[in-house]
Amino acid sequence: MKTLASALAGILGVCVLAAGPAAAFSSYDPYGGDADDYYAEQSDIFGGGYRRQPAQGYSYGQPGYGQGVQAAPQAQVQPIPREIVAFNANYKPGTIVVSTQERRLYFVLPNGEAIRYGVGVGRPGFTWSGVKTVTAKREWPSWTPPAAMLARRPDLPRYMAGGIENPLGARAMYIGNTEYRIHGSNEPDTIGQAVSSGCIRMTNEDVTDLYDRVRVGAKVVVLN
């Protein structure tokens with residue numbers, strides 16, 4: 001039987017941003033689509049290490065590292081490894097680059113490399129692109145459903161404290177003056193899928209790793 005958090009994450013699907021101070025960022029998208037409910041529960045997901053890909057012959061934009069890979073929805077039945085990869089693009093170290101078509105996030109390192117993470121992205125009709133900055137960071141963020149969501153789902157809790165059951169996961173990084181977030185997830189089987197309303201979701205292990213590297217003010221580049 002799925003936990004309350006798993007059921008909530010499937011219902012909510014994505015997040016909505018609150019334009020305003022950081023305290024308003026706790027609202028969640030009341031109009032997100034349901035994630036497909038055919039994934040198996042996973043108990044052993046991404047370890048703490050990295051897989052380093054051979055640098056020779058690869059660069060961002062080529063097969064395996066550029067946009068266009070995995071453009072069609074596919075069931076992600078195996079964990080997406082966190083890897084250090086060749087990344088030859090004109091972004092400063094510390095920049096976050098999200099390719100929604102690849103469903104990958106790159107954290108740019110020096111010397112033509114990046115850490116590549118698997119991510120869940122916006123479902124069709126909810127993708128977006130642009131250049132923003134990280135405006136706030138929160139550990140184990142709490143969640144308060146907005147009034148619009150409660151009107152549709154009066155059975156939902158009025159408030160959920162941060163923790164493993166919370167659909168926002170272990171960490172959240174807020175993007176610009178939008179309501180979009182890079183956040184964790186208690187449904188790792190949705191990583192690599194297009195299931196959200198625009199937020200970028202990661203496993204709790206990966207979002208914690210990224211959170212510790214990213215500074216407030218870092219540039220976030222989202223590419224379609």
Side-chain angles (χ1 to χ4, degrees), residues 5 8-9 12-29 32 45-48 50 80 82 84 87 91-100 103-110 113-122 126 128-146 159-188 190-191 195-223:
L8 285 173
L12 301 176
V14 286
C15 50
V16 180
L17 306 185
F25 288 148
S26 60
S27 62
Y28 212 79
D29 187 358
I45 55 178
F46 313 157
Y50 299 90
I80 299 172
R82 186 164 69 232
I84 296 177
F87 190 87
Y91 297 112
K92 292 182 179 179
T95 301
I96 295 172
V97 181
V98 178
S99 173
T100 57
R103 299 162 193 176
R104 298 293 187 272
L105 181 151
Y106 297 84
F107 180 76
V108 181
L109 301 174
E113 293 186 321
I115 303 173
R116 183 174 64 182
Y117 305 84
V119 295
V121 300
F126 289 85
W128 62 282
S129 62
V131 179
K132 302 290 183 181
T133 58
V134 174
T135 53
K137 298 169 60 178
R138 297 287 182 271
E139 297 186 11
W140 294 107
S142 60
W143 172 50
T144 301
Y159 172 83
M160 181 177 284
I164 195 64
E165 296 294 313
N166 193 301
L168 292 182
R171 302 289 187 272
M173 289 157 276
Y174 301 91
I175 302 175
N177 60 354
T178 73
E179 294 181 344
Y180 297 125
R181 289 167 278 195
I182 301 170
H183 66 80
S185 175
N186 48 33
E187 278 201 323
T190 64
I191 304 306
V195 295
S196 84
S197 296
C199 282
I200 309 301
R201 60 168 63 177
M202 308 176 73
T203 65
N204 283 331
E205 289 82 355
D206 280 355
V207 79
T208 299
D209 182 87
L210 179 65
Y211 184 97
D212 290 340
R213 300 173 185 278
V214 171
R215 296 182 179 181
V216 172
K219 182 181 291 186
V220 180
V221 180
V222 178
L223 307 170

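The analysis underlying the following values was restricted to heavy atoms, covering all of them including side chains, and did not include hydrogens, waters or symmetry mates. All residue numbers refer to positions in the sequence shown, counting from 1. Just so it is clear, the structure is predicted and the values come from calculations on it, not from any experiment.
- Remark: side-chain polar atoms of Thr133 are not paired, donor with acceptor, to backbone N or O of Gly176 under 3.5 angstrom.
- Between the CD1 atom in Ile182 and the CD1 atom in Ile175 there is a gap of 4.5 Å [rounded to 0.5 Å].
- Contact detail for Val207 and His183: the closest heavy-atom pair is CG2-C, 3.8 Å.
- Under a cutoff of 6.0 Å and an axis angle of 45°, Lys137 and Tyr211 form a cation-pi pair.
- Considering CD1 of Ile115 and CD1 of Ile96, their distance stands at 11.0 Å, rounded to 0.5 Å.
- Side-chain contact between Arg116 and Phe87 is absent, with no heavy atoms from C-beta onward closer than 4.5 Å.
- Under the side chain to side chain contact (heavy atoms under 4.5 Å, CB included) criterion, Thr208 pairs with Ala170, Arg171, Asp212, sequence neighbours left out.
- For the pair Asn204 (side chain) and Gly184 (backbone), a donor-acceptor distance under 3.5 Å is absent.
- Separation of atoms CG (Leu168) and CH2 (Trp140) is listed at 11.0 Å; rounding is to 0.5 Å.
- One finds the OH atom of Tyr117 at 13.0 Å from the CD1 atom of Ile191 (value rounded to the nearest 0.5 Å).
- Residue Val134 comes nearest to Arg215 through the heavy atom pair CB-O, 3.9 Å, listed as atom of the first residue, atom of the second, then distance.
- In this structure, the side chains of Thr178 and Lys132 come closer than 4.5 Å at one or more pairs of heavy atoms.
- A distance of 9.0 Å separates CH2 in Trp128 from SG in Cys199, rounded to the nearest 0.5 Å.
- At least one donor-acceptor pair closer than 3.5 Å links the side chain of Asn166 to the backbone N or O of Pro141.
- Between the OG atom in Ser99 and the OH atom in Tyr106 there is a gap of 6.5 Å [rounded to 0.5 Å].
- When all heavy atoms are compared, the tightest approach of Val216 to Thr135 is CG1-O, 3.8 Å.
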